[in-house]
Amino acid sequence: MSDAETPTDDAPRDFIRDIVHADLEAGSVSGIVTRFPPEPNGYLHIGHAKSICLNFGLAHDFGGRCHLRFDDTNPLKEEMEYIDSIQEDVRWLGFDWGEHLFHTSDYFEQLYQWAEVLISDGKAYVDDLSADEIREYRGTLKEPGRSSPFRDRPAEENLDLFRKMRTGEFADGEKVLRARIDMASGNINMRDPVLYRILRGHHPRTGDQWCVYPTYDFAHGQSDAIESITHSVCTLEFEGHRPLYDWLIENLPVPTQPHQYEFARLELTHTVLSKRKLIHLVRDGHVAGWDDPRLPTLSGLRRRGVPAAAIRDFAARIGVSKSNSVHEIALLEHCVRENLNKAAERRMAVLDPLKVVIENYPDCETEILEAVNNPEDESAGTRNVPFSREIWIERSDFMEDPPKKFFRLGPGREVRLRWAYFITCTDVIKDPSGEIVELRCTYDPATKGGQAPDGRKVKGTIHWVSAPHALDAEVRLYDHLFARPDPGAEGDWLDDLAPHSLEIRHGCKLEPDLATFEPGRTLQFERQGYFVADPDSTVDTPVFNRTIGLRDSWAKIQKKAGGK
RNA sequence: UGGGGCGUAGCCAAGUGGUUAAGGCACCGGUUUUUGGUACCGGCAUUCGGAGGUUCGAGUCCUCCCGCCCCAGCCA
């Protein structure tokens, strides 16, 4: 057994890996080959990421390979745009298919030939029944189906008809090719499933070369066999198709014998993962596009600032099983915070500015203070932060009549300005309407850097930005797309869209060096959360997206106090 | 009431008949802290959907029952 096959303590363990391990040990396969087979009819989302991590992870863990295969058997739904975005997303997630990029459409000729084999063997026939009639004849869940009057057509006639289907002698939907299996099967998928249909759509890769297209059932397993896939891993809803998958592999002269295994697809709270619903959100303008940072699409998560490594970690933690389960989005958020805590440099940003004038600080003077970039990573170094007489602080960091548990600024109270000085509030200035417009404070020159030589302690540390040096920015505060964990559980799912999933703040005050942050770079705004520079940024106004807020135990305390 | 699956804590999830039912998230306490962040420590299932049975011994085996999910596209 090679190292790659030896499970280690931190290697993920699940029933699929157990099967692979057993297969390798028993010698039923000599190496493993998996595949990720998306249909290019939409953008990839975090549910696909689970499958990608599983398939590529399996290949990696057991020293095999994983193919990227576009399952492009339906020209009516598939587009080049999706083929491109899918490759970009898989790469971004951190996986590499090397030379192994395939398309089911690469196999159309072979698949067609195998269909003829089935016909010659009397195991498939051309049916003239309409779609509606086929449905009627199929029976129901509790009643067996009935045979089509065309079921016993001689092989020669079927072959002739099928060839004519290919050469375009029939209209769309006029005829189909069906497997001849068992119309009385308890498994409806075995009641003579359709193998080929006539479709005159322009295929993104084969153009107008074909007018007959294989169905998923006829294409998938055979494509697996062509590519020597050993473990064809798919989601639970295909479980009932496995007997058909096996039947086709057994009845066709395919080069290898792949096997299908099924696992539960990912479900997440506070969002939707169905392609239909995601398309609806995009097309109806509920979000700004496929890469809207509120969407669970990989492009949306990327723009939101979620690191690929956090998604991989999430996939590893949720495991792989066969029970339908809904994961709390809090676990994903935990993975994001854990990753970013180590990786993101810190900066100060004031999102809801309140002016503070430090009365005993010399006018027109600017000091350069040193701030640590990341206390979790010494190699991130330090930076210079300008300090002056007028600064901005967060409005929520001041209370005129604070409760005793409030550690921030209040009249007569002293706090530490992060990396700067202790200041004490001496006066509160209000406008005629009574709104606080400015604070007057004094600072203690001896506390430079944030330490008092006399050893006196201060309960709170707040962030700030020097007013004359501040950079004005737009900050987009994102929250869960859906207010309830299970959108649509009661009533229309669209009614559960959270009313404030995006709050845009203008005139936020940032440390000056943030002007040059390239889009996609993540950072932490101290005491607030993780943010990422958005591609909408311009030279004049940088734009930052909130990826996720920091844990906020003060908010929890307040909530508890208020809830009494 | 055809066929196929699944039921272990609030949410996931190990467990493959033999000491006190892993682990993570969430939650609740506490320690540390120049982020009310992080880190660290502690707490959190006398019981595995239910009832019987087999066994010296059952979450694991058997029987029955209950609940949930998937399948009646010429979608994948």
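Naming convention: chains lettered A, B, ... in sequence-line order (proteins, then strands); numbering from 1 in each chain.
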Checklist entry - At under 4.0 Å, does any side-chain N or O of Arg138(A) touch on OP1 or OP2 of G73(B)? => result yes
Checklist entry - Does any donor-acceptor pair link the side chain of Glu237(A) with the base of G5(B) at a separation under 3.5 Å? => result no
Next on the checklist: Using a heavy-atom cut-off of 4.0 Å across all strands, would you classify Phe314(A) as base, sugar-phosphate, or nothing?
Outcome noted: nothing
Item to check | Residue mapping more 5' on RNA chain B - nearest nucleotide basis, Arg418(A) or Pro214(A) | outcome: Arg418(A)
Next on the checklist: Let's see if you can work this out: which of A76(B), U35(B), C74(B) has an atom nearest to the side-chain heavy atoms of Phe238(A)?
Outcome noted: A76(B)
Checklist entry - Do Trp493(A) and His280(A) have ring centroids that are under 6.0 Å from one another? => result yes
Checklist entry - Does OP1 or OP2 of U38(B) have a side-chain N or O of Arg551(A) closer than 4.0 Å? => result yes
Checklist entry - Does a donor on one side chain sit under 3.5 Å from an acceptor on the other, for Arg242(A) and Asn189(A)? => result no
Checklist entry - Counting only Watson-Crick or G-U wobble pairs whose two distances fall under 3.5 Å, which nucleotide matches G73(B)? => result none
Checklist outcome for this item: As its Watson-Crick or G-U partner within any shown strand, both distances under 3.5 Å, G36(B) has none
Checklist entry - Whom does C44(B) pair with, Watson-Crick or G-U wobble, provided both distances fall under 3.5 Å? => result none
Item to check | Geometric class of the Phe102(A)/Tyr107(A) ring pair [parallel <30°, tilted 30-60°, perpendicular >60°] | outcome: tilted
Checklist entry - Distance between the C1' atoms of U1(B) and C48(B), in whole angstroms? => result 29 Å
Item to check | Sugar-phosphate, base or nothing in reach of Leu76(A), heavy atoms under 4.0 Å | outcome: nothing
Next on the checklist: Tell me whether the rings of Phe238(A) and His241(A) are parallel (<30°), tilted (30 to 60°) or perpendicular (>60°).
Outcome noted: perpendicular
Checklist entry - Which part of the nucleic acid, if any, lies within reach of Val212(A) when heavy atoms closer than 4.0 Å are counted: base, sugar-phosphate only, or nothing? => result nothing
Next on the checklist: Any strand counts, and the cut-off is 3.5 Å on both contacts for Watson-Crick or G-U wobble. Which nucleotide pairs with U55(B)?
Outcome noted: none
Next on the checklist: What's the gap between G57(B) and G52(B) when it is taken at their P atoms, as a whole Å value?
Outcome noted: 16 Å
Item to check | Rounded distance in Å between the P positions of C11(B) and G49(B) | outcome: 14 Å
Checklist entry - Going by heavy atoms closer than 4.0 Å, what residues in residues 327-338 of chain A are next to RNA chain B? => result His327(A), Glu328(A), Ala330(A), Leu331(A), His334(A)
Checklist entry - For Glu143(A), which contact category applies under a 4.0 Å heavy-atom criterion: base, sugar-phosphate, or nothing? => result nothing
Checklist entry - At under 4.0 Å between heavy atoms, what does Gly173(A) touch on the DNA or RNA strands: base, sugar-phosphate, or nothing? => result base
Checklist entry - Is the shortest side-chain N/O distance from Ser325(A) to OP1 or OP2 of A13(B) below 4.0 Å? => result yes
Item to check | Cationic N near anionic O, under 4.0 Å, Glu267(A) to Arg265(A) | outcome: no
Checklist entry - Do any side-chain nitrogens or oxygens of Arg178(A) fall under 4.0 Å of OP1 or OP2 in C74(B)? => result no
Checklist entry - Taking atom P in both G24(B) and A45(B), what distance in whole Å separates the two? => result 15 Å
Checklist entry - Does Arg135(A) place a side-chain N or O at less than 4.0 Å from the phosphate oxygens OP1/OP2 of G73(B)? => result yes
Checklist entry - Does the separation of the ring centres of Phe407(A) and Trp554(A) fall below 6.0 angstrom? => result no
Item to check | Sugar-phosphate, base or nothing in reach of Glu239(A), heavy atoms under 4.0 Å | outcome: sugar-phosphate
Checklist outcome for this item: Applying the 3.5 Å cut-off to both distances, the Watson-Crick or G-U partner of A21(B) turns out to be none
Checklist entry - Taking atom C1' in both C62(B) and G17(B), what distance in whole Å separates the two? => result 13 Å
Checklist entry - Of Asp192(A), Thr215(A), Asp127(A), which is the lone residue that meets side chain to side chain donor-acceptor pair (under 3.5 Å) with Arg178(A)? => result Asp127(A)
Checklist entry - Applying a 3.5 Å limit to both distances, which nucleotide forms a Watson-Crick or G-U wobble pair with C6(B)? => result G67(B)
Checklist entry - Between Asp224(A) and Ser232(A), is any side-chain donor less than 3.5 angstrom from a side-chain acceptor? => result yes
Checklist entry - Quantified in whole Å, what is the P atom distance between nucleotide A26(B) and nucleotide U20(B)? => result 31 Å
Checklist entry - Out of U35(B), C74(B), C75(B), which has the shortest distance to the side chain of Asn74(A)? => result C75(B)
Item to check | Pairing partner (Watson-Crick or G-U wobble, both distances under 3.5 angstrom) of A26(B) | outcome: none
Item to check | Separation of Met190(A) CE from Trp247(A) CH2 (nearest 0.5 Å) | outcome: 7.5 Å
Item to check | C1' atoms of U8(B) and G23(B), separation to the nearest Å | outcome: 14 Å
Next on the checklist: Side-chain N or O of Arg197(A) versus OP1/OP2 of A76(B): is the shortest distance under 4.0 Å?
Outcome noted: yes
Item to check | U38(B) versus G29(B) - spacing of their P atoms, nearest Å | outcome: 15 Å
Checklist entry - Is any side-chain N or O of Ser323(A) closer than 4.0 Å to OP1 or OP2 of C69(B)? => result no
Next on the checklist: OP1 or OP2 of C27(B) versus the side-chain N and O atoms of Lys556(A): is any pair under 4.0 Å?
Outcome noted: yes
Next on the checklist: Does a side-chain N or O of Thr73(A) approach OP1 or OP2 of A76(B) to a distance below 4.0 Å, or not?
Outcome noted: yes
Next on the checklist: Nearest heavy atom decides the nucleotide; on that basis, is Asn324(A) or Pro37(A) closer to the 5' end of RNA chain B?
Outcome noted: Asn324(A)
Checklist entry - Which part of the nucleic acid, if any, lies within contact of Val326(A), taking any heavy atom under 4.0 Å across all strands shown: a base, the sugar-phosphate backbone alone, or nothing? => result sugar-phosphate
Item to check | Ring-ring centroid check Phe263(A) Phe15(A), cutoff 6.0 Å | outcome: no
Checklist entry - Is Trp554(A) stacked on the base of G36(B) when the test is centres under 5.5 angstrom and planes under 30 degrees? => result yes
Checklist entry - Looking for any heavy atom pair under 4.0 Å, which part of the strands does His241(A) touch: base, sugar-phosphate only, or nothing? => result base
Next on the checklist: Just to be sure I understand the rule, does Leu141(A) reach a base, reach only the sugar-phosphate, or reach nothing, if contact means heavy atoms closer than 4.0 Å?
Outcome noted: base
Checklist entry - Nearest to the side chain of Asp18(A), which nucleotide is it out of U1(B), G36(B), U16(B)? => result U16(B)
Item to check | Per Glu376(A) side chain, nearest of listed nucleotides A76(B), U38(B), G36(B) | outcome: U38(B)
Checklist entry - How about Tyr421(A) and Tyr443(A): are their ring centres within less than 6.0 Å of each other? => result yes
Next on the checklist: Using OP1 and OP2 only, check whether a side-chain N or O of Ser321(A) sits under 4.0 Å from C6(B).
Outcome noted: no
